[in-house]
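Everything below concerns the one structure shown next.
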Amino acid sequence: MADVILFHHALGLTDGVRAFADDIRAAGHSVVTPDLYEGAIYGSIDDGVAHAERVGFEVIAERGAACAEGLADRFVVAGFSLGILPAQRLAQTRPDVGAAILYHDAVPTSTFGGGWPAGVDLQIHIVEDDEWADLGTARAVAAEAGGELFVYPGSAHLVADSSFGDYDETLAGLFLARTLAFLATR
C-alpha cells in the first residue's frame, strides 16, 4: 500500500478534503493531510486565494515541503488545486517521491526549475472548462511526464470536495476510483 501526503486547496483543510483522504485510507493506504493554513478555512475560492497571496505561494509550497520530512521512500504526493504547488514541487525536487497526483490543475515544470523527473509517475485530474485551471498546462505536464491526464466535462472547480458547492458526486467518484487504481500499483 502507498504512503500519501495530500495537500488541501485554497479553502483550507476542509471536511471534504478530509473525507476524500478517508476514502483513500479505507482502501488501505496511509494518508497524511497537513494543514498549510494553520487552521484557517475559507468559504470562497476568492477568499482562500487572497489568503494564500498574503501568506505567499512560495511559503505555502515551503510549508508543504516541510510536512514531507520523515515520510517513507517512494511516497506519493497529491494536491487539490492550490495544493498542487507543494505536491508538484516535491515531485520535481525530492528524489524520494515515487508518484504525484494533481487534482484540478498543474503548473509548468519550469516553475520548479526544470523538467519532470524520470521515474516519478504522474496522474492529473482536471475539469475541461474550469476557469481556475489551465488545461493546456496540464496537457503539457502530463505529456512531458508520460503521465495520465483525465479531463472531465463541466466548468466547476473543486468537484471532489464534498463540503463545497462545486461538489459533483459522479466526478468525485471517478477521481477516487482512478486515484485508487493508480495507488494500487505503488
Side-chain angles (χ1 to χ4, degrees), residues 2 4-37 40-53 57 60 64 76-88 91 99-108 121-143 145 147-186:
V4 180
I5 184 167
L6 175 63
F7 297 107
H8 62 76
H9 46 61
L11 300 180
L13 186 54
T14 63
D15 289 342
V17 171
R18 292 175 199 265
F20 195 89
D22 286 343
D23 289 340
I24 295 171
R25 285 184 194 102
H29 303 286
S30 170
V31 184
V32 176
T33 52
D35 186 348
L36 304 176
Y37 277 11
I41 294 180
Y42 295 90
S44 76
I45 294 171
D46 286 330
D47 289 345
V49 169
H51 172 76
E53 288 172 341
F57 293 112
I60 300 289
V76 177
V77 294
F80 284 100
S81 190
L82 176 73
I84 64 128
L85 292 174
Q88 192 170 331
I101 306 169
L102 307 178
Y103 302 102
H104 308 296
D105 209 358
V107 295
D121 296 329
L122 175 64
Q123 187 178 76
I124 301 175
H125 302 261
I126 193 166
V127 176
E128 187 172 29
D129 293 317
D130 178 352
E131 69 178 277
W132 288 97
D134 184 339
L135 181 56
T137 297
R139 287 186 200 281
V141 173
E148 295 179 298
L149 172 65
F150 295 104
V151 180
Y152 302 87
S155 59
H157 187 52
L158 302 177
V159 298
D161 183 330
S162 60
S163 64
F164 187 63
D166 283 354
Y167 179 68
D168 182 307
E169 184 176 4
T170 300
L171 296 185
L174 287 171
F175 275 42
L176 181 62
R178 290 170 171 164
T179 294
L180 294 178
F182 183 72
L183 292 175
T185 65
R186 306 289 136 227

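Between Y103 and F20, the distance from one ring center to the other falls under 6.0 angstrom.
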Legend entry - side-chain contact (heavy atoms from CB on, under 4.5 Å) between L11 and Y37, intermediate numbers included: CA-CA 9 Å; L11 300 180; Y37 277 11; over 6 Å; no
Legend entry - Verdict with reasoning, H29 to L180, per side-chain contact (heavy atoms from CB on, under 4.5 Å): CA-CA 9 Å; H29 303 286; L180 294 178; 4.2 Å; yes
Inset, instruction - Apply side-chain contact (heavy atoms from CB on, under 4.5 Å) to I45 and W132, showing your working. - result: CA-CA 9 Å; I45 294 171; W132 288 97; 3.3 Å; yes
Inset, instruction - Begin from the C-alpha positions of Y42 and H51 and carry the test side chain to side chain donor-acceptor pair (under 3.5 Å) through to its verdict. - result: CA-CA 9 Å; Y42 295 90; H51 172 76; 2.8 Å; yes
Inset, instruction - Go through the steps to decide whether V31 and I24 satisfy the test side-chain contact (heavy atoms from CB on, under 4.5 Å), and finish with yes or no. - result: CA-CA 7 Å; V31 184; I24 295 171; 3.4 Å; yes
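Once rounded to the nearest 0.5 Å, the distance linking CD of E169 with CG of L176 reads 11.5 Å. Note that the OG atom of S81 and the CG atom of L102 stand 11.0 Å from one another [nearest 0.5 Å]. Atom CG of D47 is separated from atom CD1 of I41 by 13.5 Å, given to the nearest 0.5 angstrom. Taking CG of L85 as the start and CZ of F57 as the end, the distance is 7.0 Å to the nearest 0.5 Å. For the atom pair CG (D134) and CZ (R139), the distance works out to 10.5 Å, reported to the nearest 0.5 Å.
Between A156 and V159 the shortest heavy-atom distance is CB-CG1, 3.6 Å. The nearest pair of heavy atoms linking V77 to A87 is CG2-O, 3.2 Å. Minimum heavy-atom separation, I84 to G79: CG2-O, 3.3 Å. What you find for A106 and I124 is that their closest heavy atoms are CB-CD1, 4.2 Å. For the residue pair A78 and V4, the shortest heavy atom distance occurs at CB-CG1, 4.4 Å. Looking at every heavy atom in both residues, G16 comes nearest to S162 through CA-OG, 3.6 Å.
In this structure, R178 is not positioned above the aromatic face of F182 in the sense of NZ or CZ being under 6.0 Å from the six-membered ring centre and within 45° of the axis.
Within the 4.5 Å cutoff, the side chain of V127 has no heavy atoms near those of the L135 side chain. Proximity of L149 to I126: side-chain heavy atoms (C-beta onward) are separated by under 4.5 Å at one or more points. Two residues are said to be in side-chain contact when any heavy atoms from C-beta on lie closer than 4.5 Å; V17 and D161 meet this criterion. The side-chain heavy atoms of Q123 and T179, taken from C-beta on, include a pair separated by under 4.5 Å.
Within the 3.5 Å criterion, the main-chain N or O of H157 finds a donor-acceptor partner in the side chain of D166. Of the possible polar contacts, none joining the H8 side chain to the T14 backbone as a donor-acceptor pair under 3.5 Å is found. Checked by atom type and distance alone, the side chain of D105 never pairs as donor or acceptor with a backbone atom of A138 at under 3.5 Å.
When the options Y152, F164, F7, F80 are evaluated for a ring pair (Phe, Tyr, Trp, His ring centres under 6.0 Å) with H104, the one that passes is F80.
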